[in-house]
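Below: the structure, in structure tokens.
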Amino acid sequence: MLATDISAAMLNRAAQAAREAGLTTVETGVMNAENLELDANSFDTVLCRMGLMLFPHPLKTLTSMQGIVKQEGRVAVMAHSTPASNLYHGLPLEIVRRIGRMAPPPPEQPGMFALGGPGVLEGAFRKSGLQDVSVCPVAIRRKFSSLPEAIKSMKESNAVLQDLLAKLNDADQDRAWKEIEQEMSQFESVNGFEAPGEVLIAVGTK
């Protein structure tokens, strides 16, 4: 098993997690998924979890993945669907763009929801040469112990949101966070915080 990423730090964390789990067959390699420097037809399966929508050229990336799997091998990808189906991420972005009078990103721009539109992910798979393509929506849940924990995670891990917030002045940033917290409160109950979400899982065969 080989884990690849353009970030050596990410791979170091992955290697440590594998060791802690007792996995002895996991190797790592720093490389760009748009140009995988690996032998053609050498892997049974290629998996990409929550990454393809962030690449500048997803079709080039899928073509690179298709090239390294064996005949009858598979490529599987997980990506976010639409903002409306992922309110934990979608609502904050909508709020910040509205307050900052920012236009939504163009469809071709890499981002969290870049592959979520109807037929977009399936079309990329087919253009890459993969066959027997299927794309299935899968419901997920974003769970935290409380609303403050959900907001804390949002502040620490949502890089897209942070980039947009940086374009606002201090007063508008405060206003945005107040609106975000108010909207997110709908997902809090006595059992904690739980927001609905949806991902797309696409699979194609060489």
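For the single chain, residues carry numbers from 1 onward in sequence order. Please read these numbers as outputs of a predicted model, since none were measured by experiment. The analysis underlying the following values was restricted to heavy atoms, covering all of them including side chains, and did not include hydrogens, waters or symmetry mates.
Under the salt bridge (charged side-chain N to carboxylate O under 4.0 Å, His left out) criterion, R13 pairs with no residue at all, not counting sequence neighbours. Residues that satisfy the side-chain hydrogen bond (donor to acceptor under 3.5 Å, both in side chains) test with K167, not counting sequence neighbours, are absent from this structure. M112 is linked by a side chain to side chain contact (heavy atoms under 4.5 Å, CB included) to H80, H89, N158, counting only residues two or more places apart in sequence or in another chain. In this structure L87 satisfies the side chain to side chain contact (heavy atoms under 4.5 Å, CB included) test together with L91, F187, sequence neighbours excluded.
In this structure, M1 belongs to a hydrophobic cluster whose other members, linked by side-chain heavy atoms under 4.5 Å apart, are L23, V26.
Side chain to side chain, T61 and S64 fail the donor-acceptor criterion of an N or O pair below 3.5 Å.
Annotation: salt bridge (charged side-chain N to carboxylate O under 4.0 Å, His left out) contacts involving residues 179-195, sequence neighbours excluded, comprise R98-E179, R141-E194, R175-E179. Pairs engaging residues 7-32 under the ring pair (Phe, Tyr, Trp, His ring centres under 6.0 Å) rule: none recorded [sequence neighbours left out]. Applying the side-chain hydrogen bond (donor to acceptor under 3.5 Å, both in side chains) test to pairs two or more places apart or on separate chains, none has a residue in residues 111-121. Applying the salt bridge (charged side-chain N to carboxylate O under 4.0 Å, His left out) rule to pairs touching residues 28-40 yields nothing, sequence neighbours excluded. Screening residues 69-97 for salt bridge (charged side-chain N to carboxylate O under 4.0 Å, His left out), with sequence neighbours left out, gives D44-K70. The stretch residues 123-139 participates, sequence neighbours left out, in these side-chain hydrogen bond (donor to acceptor under 3.5 Å, both in side chains) pairs: E122-R126. Residue pairs that meet the salt bridge (charged side-chain N to carboxylate O under 4.0 Å, His left out) test with at least one member in residues 147-158, sequence neighbours left out, are K152-E156.
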